[in-house]
Amino acid sequence: MDDLLNDNLLSSEKVTAALQGAGDWLVQHVANVWTLGQLVLLVLLFGLSLLAGRRLRPRLEAWIGRSALSARFTAQVRALPDLVTPFIYLLLLWLAIAVMQRSTWPSRSYLLSTIASLLTAWVVIRLVTTFVRNPALARMLAFSAWTIAALNITGLLDPTVALLDSLAVSFGDLRISLLTVVKGVLTLAVLLWAASSLSRFLERRISGIPDLTPSVQVLLGKLLKITLITLAVVMALNSVGIDLTALALFSGAVGVGIGFGLQKVVSNLISGVILLLDKSIKPGDVIELGETYGWISSLGARYVSVVTRDGKEYLIPNEDLITHRVVNWSFTNQLVRMEITFGVSYDSDPHEVRRIACEAASKPERVDPSTPPVCHLTGFGDSSLDFVLRFWIRDPQDGVANVKGQVLLAIWDAFKEHGIQIPYPHRHLLVTEPIPVETRGRPAEGT
């Protein structure tokens, strides 16, 4: 019983000593004249920066609206109005720090220096991350970079690194700590961003080479992107000390999963490579697949984007373009023949009808003048002479129904002008013998 009382007394003494030490630290570092003065100065300078920012921000936005700044730095320019107040606050802080360091000991402006350093790091990181197009990746990089900068400024970086490294698990010879995971995630994010930016730059350069066909340009761009992303993942794993040979079993499991569960995905990927290699379709071609008619907007690794005349965008899997029948209206050239069938009355001269139809079909602007339209008599119908009119266009991407309608209207006007009639189906009923008709009279009223 006495030992228990002694232990309780020792514990209470330790708690009292700890609280007294914390109180002494607060009195020494916080509840003193210079610290309180710095806190008051921080609040006053922040209020001044808010007032100045409200006045300067509209003027800066108006100046940005009037000036023709480069489109390459649009994101950086848009971020400037949001940084007006932090910039002013930062200038006022460094000015106050300079005045205090000249008039008293530098240690008496430690709080101002720490806040100014943290704010400087935040502003610089905010501007740098505007170059990252992915918003989620930009926020993650900004948070990570500012956290590291804040720990370094406050002198807590080394203890934090040691704490993260101590939280680890081991799998044989492989040791994975929380520090390793954090370093791996950050390294992978930076390398993936660098790989994506470099691939976009190289794709723009490749698309500017006139000697390469559009399909080859797309193929080279996709291969470069896949290669760079693969290198980024490998470099990220090596940077954290993970041996790639240890992932052999995992790679085998992934291979089996691809073989069984990702057959369609792999099929679409391989089909996309085949489409790019055999040059059967390319961006800008006008294709028809089933009921879908439109021009190819882009070739992806998994699908082809086809935009129709009504503005709909169909994402067609690459496998469908390999296994189904596809009509490419502009595979070898843009010259496409159109056909229109019509019939006229037997009272019309077929030679005159052919001449008038060819002249009328030549009037619409989209009809190619280098290949004159032709008209042929195809048969003697039940109530009309049947004709087929053929003409050529060079812009199938602008649609085919509209140019057919223009030619039909031109033929209608020409036939009306020359008195040529377009018959409609009708039937004559001939009665050879009288047909008896029995009628029943209504009974008279009252009977």
Side-chain angles (χ1 to χ4, degrees), residues 129 131-138 140-141 181 183-285 287 296-307 313-323 326:
T129 52
F131 290 94
V132 181
R133 296 186 177 183
N134 191 335
L137 180 60
M140 187 187 73
L141 291 176
V181 174
K183 288 174 60 178
V185 172
L186 294 179
T187 305
L188 181 61
V190 173
L191 290 177
L192 287 178
W193 170 75
S196 300
S197 301
L198 182 59
S199 65
R200 286 194 297 267
F201 172 75
L202 293 177
E203 286 179 1
R204 288 195 298 267
R205 297 300 297 267
I206 291 173
S207 62
I209 301 176
D211 297 334
L212 299 178
T213 61
S215 58
V216 174
Q217 293 175 1
V218 174
L219 177 61
L220 291 177
K222 298 302 179 184
L223 290 178
L224 281 173
K225 187 173 183 178
I226 294 173
T227 303
L228 290 173
I229 290 177
T230 304
L231 289 176
V233 174
V234 172
M235 293 173 63
L237 293 176
N238 286 331
S239 65
V240 296
I242 297 178
D243 189 5
L244 296 181
T245 57
L247 302 177
L249 181 61
F250 176 74
S251 301
V254 171
V256 173
I258 290 176
F260 287 98
L262 302 178
Q263 293 181 6
K264 289 294 183 181
V265 176
V266 177
S267 176
N268 286 321
L269 291 175
I270 296 176
S271 299
V273 174
I274 294 174
L275 291 174
L276 293 174
L277 289 176
D278 63 10
K279 305 177 183 178
S280 56
I281 61 173
K282 57 185 181 296
D285 282 353
I287 68 170
I296 297 177
S297 174
S298 63
L299 299 176
R302 188 179 58 85
Y303 59 84
V304 173
S305 174
V306 179
V307 181
E313 186 171 2
Y314 291 87
L315 305 181
I316 301 176
N318 293 328
E319 184 184 6
D320 292 349
L321 298 174
I322 295 291
T323 58
V326 179

Drop me the distance from Tyr303's OH to Asn318's CG, to the nearest 0.5 angstrom.
-> 10.0 Å
Nearest heavy-atom neighbours spanning Ile296 and Ile287 | CD1-CG2, 4.0 Å
In chain order, what residues pass the side-chain hydrogen bond (donor to acceptor under 3.5 Å, both in side chains) check against Ser305, with sequence neighbours excluded?
-> Glu313
At their closest point, which heavy atom of Ala236 faces which heavy atom of Thr187, and how far apart are they?
-> CA-CG2, 4.1 Å
Heavy-atom pair with the smallest gap, counting every atom of Ile322 and Ser271 = CG1-CB, 3.7 Å
Distance in Å, Leu231 CG paired with Leu191 CG, rounded so as to fall on 0.5 Å steps = 10.0 Å
Starting at CG of Leu228, measure out to OG of Ser196 and round the result to the nearest 0.5 Å.
-> 8.5 Å
Could you tell me the separation between the CG atom of Leu198 and the CD atom of Glu203, rounded to the nearest 0.5 Å?
-> 10.0 Å
Nearest heavy-atom contact between Ala189 and Met140 is CB-CE, 3.0 Å
Roughly how far, to the nearest 0.5 Å, is the CG atom of Leu224 from the CD1 atom of Ile229?
-> 11.0 Å
Might you point out which heavy atoms bring Ser297 and Val307 nearest each other, and give the distance in Å?
-> CB-CG2, 3.7 Å
